[in-house]
Amino acid sequence: MELLSTGIPALDRALGGGLLEDSNLLIVYDTYSKGWAIAFEILRNRIRAGDFGLFHR
C-alpha cells in the first residue's frame with residue numbers, strides 16, 4: 001500500500017511515513033487539547049493533494 005503524507009513532517013515520522021492509502025484516521029482529543037487543529041491541518045493538506053475527507057467535531 002502507498003503511504004500518503006499528512007503534510008506535517010513530524011506527524012508523518014511518528015506514523016512511520018504517513019497515512020495508509022484507503023484508510024481512516026481517528027484523532028481523539030479532549031476539550032483543552034488542539035486535536036481538532038491537527039485534524040483540520042491534515043484535511044486541508046490532503047484536499048490540496050486532490051483528496052477529500054470529513055471533519056466532524
Side-chain angles (χ1 to χ4, degrees):
M1 290 195 118
E2 183 180 350
L3 291 175
L4 306 173
S5 174
T6 63
I8 305 171
L11 182 57
D12 285 342
R13 284 191 302 276
L15 293 172
L19 303 171
L20 287 174
E21 183 179 30
D22 296 327
S23 68
N24 295 308
L25 174 65
L26 174 65
I27 298 174
V28 179
Y29 60 94
D30 66 15
T31 304
Y32 304 106
S33 72
K34 296 291 184 180
W36 63 270
I38 293 171
F40 182 79
E41 185 70 19
I42 293 169
L43 180 59
R44 184 174 64 153
N45 292 336
R46 292 309 313 157
I47 288 172
R48 286 181 179 160
D51 289 341
F52 65 93
L54 173 70
F55 179 87
H56 178 68
R57 184 167 181 216

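You'll find the side chain of Asn24 stays beyond 4.5 Å of the side chain of Leu26, heavy atoms only. Here the side chains of Asn45 and Thr6 are not in contact, with every heavy-atom distance at 4.5 Å or above.
Distance check: Asp51 CG to Ile42 CD1 gives 12.5 Å after rounding to the nearest 0.5 Å. Rounded to the nearest 0.5 Å, atoms CG (Leu15) and CD1 (Ile8) are 9.5 Å apart. Here CG of Leu25 is found 10.5 Å from CG of Leu20. Values are rounded to the nearest 0.5 Å. How far CZ of Phe52 is from CG of Leu43: 11.0 Å, rounded to the nearest 0.5 Å.
Shortest non-hydrogen contact noted between Asp12 and Ser5 is OD2-OG, 2.7 Å.
Judged by distance alone, the side chain of Arg48 and the main-chain N or O of Gly7 form no donor-acceptor pair under 3.5 Å.
Taking hydrophobic clusters as Ile, Leu, Val, Met, Phe, Trp and Tyr residues chained together by side-chain heavy-atom distances below 4.5 Å, Ile47 does not share a cluster with Leu4.
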Q.
Is there a side chain to side chain contact (heavy atoms under 4.5 Å, CB included) between Leu3 and Glu21? Walk through the geometry before answering.
A. CA-CA 6 Å; Leu3 291 175; Glu21 183 179 30; over 6 Å; no

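Residue Tyr29 qualifies as enclosed at atom OH: its count of foreign heavy atoms under 6.0 Å is above 12.
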